[in-house]
Amino acid sequence: MARDRFTPDFDPDCGDALLTSARHDIVIGRWQGLRDLLRATGADWLSRGHRTRLLAQACAGSTTVESWLAAEPHSADALVLHAATETVRAFTLAIAAGRGVPIDRDRIDTAVLACLRATDAWPEDPTPWVSLISAARLYPAGVRRRELARWWDELHRRDPYSVEGHLQVLHYYSARWHGSHGLMYDFARDAAGVAPPGCALPVLVQYARVEEFRHALDSAKGQQAAVVLGQHWNHDGAVSDVRRTWHRWIAGRDDAVVAPAELRDLNHLAHAACHAGTTDIASAALRMLGRRATRTPWSYLGDPTGQLTRWHRDLGLTRGDGP
């Protein structure tokens with residue numbers, strides 16, 4: 001029986017209550033909550049990466065992380081968060097400048113140097129290497145291949161199955177940045193091919209398909225070309241990719257609980273399954289998500305609330321009455 005009407009919950013912290021509490025501290029300029037959260041997170045690299053990424057987005061418009069560094073200049077957690085925050089700030093400048101408009105190289109260098117400093121603070125931590133590869137995208141010509149390979153080796157050695165780390169390399173290799181569709185898909189498929197059962201890396205192929213779509217929209221300057229994009233989500237290859245990801249990632253999991261750090265990944269798979277017409281996988285993925293949702297990738301095709309509500313209704317997961 002279909003459930004009551006559906007309303008998605010776009011919690012920016014993906015249900016991580018401890019992260020939400022720490023982010024409230026940023027608003028009042030209190031850094032102790034950040035310290036306590038990252039200290040408690042420890043070497044749980046999945047949660048540490050998720051929390052650092054979202055804390056950095058919140059810290060970018062304040063001086064909270066700088067206050068923490070002033071009080072504890074040798075704190076590895078503070079240095080790692082500062083590196084991620086500097087990276088977010090550099091991307092904020094790039095977004096404001098507009099695509100194709102370079103920003104001050106010194107600003108990118110500042111982020112890169114903060115990342116390199118953080119890599120020395122806790123040598124086992126993969127998190128600053130993720131920030132470093134992300135910042136590398138902002139150089140107009142990228143970085144030397146040898147340098148990128150070295151940074152990637154350092155990250156991979158510390159956390160070989162990091163979705164966030166692989167995702168930053170995928171973006172770097174994309175046609176929107178410093179590569180091509182072919183290079184991006186090759187990287188995604190190679191990573192998926194070596195992932196053990198239950199590992200989320202196969203979903204990189206769904207991220208790549210979203211990235212290709214965004215590039216097509218950018219090239220069309222906002223005008224959706226039906227001829228180019230009409231079959232983007234549901235051609236035979238896209239359908240096979242959805243089924244392969246489901247089989248290798250979700251069907252291979254021992255735990256049915258979706259961690260906050262995995263929520264964005266599962267939303268990408270659910271989005272791909274809906275648009276590929278794989279209704280069995282789409283229904284199962286949406287049930288796993290429940291009301292929890294991330295705005296991307298749904299927002300690339302319109303209002304995310306409207307889309308999720310429609311898919312829940314069309315798949316018989318909720319009542320069909322109402323808008």
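Computed from a predicted model, the values in this text were never measured in an experiment.
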Take T296 and T294 through the side chain to side chain donor-acceptor pair (under 3.5 Å) test and state the conclusion after the steps. CA-CA 5 Å; T296 57; T294 55; 4.9 Å; no
Pair F6 + W311: ring centers closer than 6.0 Å: no
Is it the case that the ring center of W152 lies less than 6.0 angstrom away from the ring center of H166? yes
Note, [X] side chain near [Y] side chain (heavy atom, < 4.5 Å):
X    : Y    : value
L132 : E154 : no
L138 : W177 : yes
L286 : L308 : yes
P8   : R291 : no
P12  : L54  : no
I250 : L266 : yes
P126 : S162 : no
E86  : R107 : yes

Would you mind listing every side chain to side chain donor-acceptor pair (under 3.5 Å) that reaches into residues 271-281, with sequence neighbours excluded? R243-D280
Minimum heavy-atom separation for [X] and [Y], please, with both atom names.
X    : Y    : value
N234 : A238 : N-CB, 4.2 Å
H232 : R209 : NE2-O, 2.8 Å
A200 : V163 : CB-CG2, 3.7 Å
V112 : A135 : CG2-CB, 4.1 Å
A94  : I103 : CA-CG2, 3.6 Å
V210 : P297 : CG2-CB, 3.9 Å

What orientation do Y172 and H178 show, parallel under 30°, tilted 30 to 60°, or perpendicular over 60°? tilted
Would you give the length of the straight line joining atom [atom1] of [X] to atom [atom2] of [Y], rounded to the nearest 0.5 angstrom?
X    : Y    : atom1 : atom2 : answer
S174 : Y185 : OG    : OH    : 11.0 Å
T41  : L55  : OG1   : CG    : 8.5 Å
D241 : Q206 : CG    : CD    : 6.0 Å
E211 : L204 : CD    : CG    : 12.0 Å
D186 : S180 : CG    : OG    : 7.5 Å
H82  : T52  : NE2   : OG1   : 14.0 Å

Do NZ/NE/NH1/NH2 and the carboxylate oxygens of [X] and [Y] come within less than 4.0 Å?
X    : Y    : value
R51  : D13  : no
R176 : E212 : no
R35  : D77  : no
R158 : D125 : no
R310 : D314 : yes

For side-chain contact (heavy atoms from CB on, under 4.5 Å), just list the numbers for F213 and D218, CA-CA rounded to whole Å, side-chain angles, deciding distance to a tenth of an Å, and then say yes or no. CA-CA 9 Å; F213 181 81; D218 286 349; over 6 Å; no
Hits for side-chain hydrogen bond (donor to acceptor under 3.5 Å, both in side chains) against D109, two or more places apart or cross-chain, chain-then-number order -> Y139
Set of side-chain hydrogen bond (donor to acceptor under 3.5 Å, both in side chains) partners for R292, sequence neighbours left out: none
Could you go through residues 114-123 and list every donor-acceptor pair under 3.5 Å that involves a side-chain atom there, pairing it with any protein atom two or more places apart or in another chain?
residue	atom	partner	partner atom	Å
T119	OG1	L116	O	2.6
W122	NE1	E124	OE1	3.0

Do [X] and [Y] sit in the same hydrophobic cluster, where Ile, Leu, Val, Met, Phe, Trp and Tyr count as joined when their side-chain heavy atoms come under 4.5 Å apart?
X    : Y    : value
W45  : L19  : no
L301 : V239 : no
V258 : W249 : yes
L69  : L81  : no
W129 : V80  : no

Going through the checks in order, is the side-chain contact (heavy atoms from CB on, under 4.5 Å) test met by H50 and E262? CA-CA 9 Å; H50 166 75; E262 298 176 302; over 6 Å; no
Just by distance, do the side chain of [X] and the backbone of [Y] share a donor-acceptor pair under 3.5 Å?
X    : Y    : answer
R248 : A192 : yes
Q307 : W298 : yes
H268 : R264 : yes
S134 : V130 : no
S21  : A17  : no
E147 : R144 : no
S75  : A78  : yes

The side-chain contact (heavy atoms from CB on, under 4.5 Å) partners of D153 (sequence neighbours excluded) come to none
Output side-chain donor-acceptor pairs under 3.5 Å for residues 24-34, partner residues at least two apart or in another chain, one line each.
residue	atom	partner	partner atom	Å
D25	OD2	R30	NH1	2.8
D25	OD2	G33	N	3.3

Are there more than 12 heavy atoms of other residues, nucleotides or ligands under 6.0 Å from atom CG of D236? no
Within a 6.0 Å radius of atom CZ on R99, are there more than 12 heavy atoms belonging to other residues, nucleotides or ligands? yes
F187 and V169: CA distance, side-chain angles, deciding distance, side-chain contact (heavy atoms from CB on, under 4.5 Å) verdict: CA-CA 8 Å; F187 175 78; V169 178; 3.5 Å; yes
Is there a side-chain contact (heavy atoms from CB on, under 4.5 Å) between F91 and I108 once you walk through the steps? CA-CA 9 Å; F91 269 94; I108 309 172; over 6 Å; no
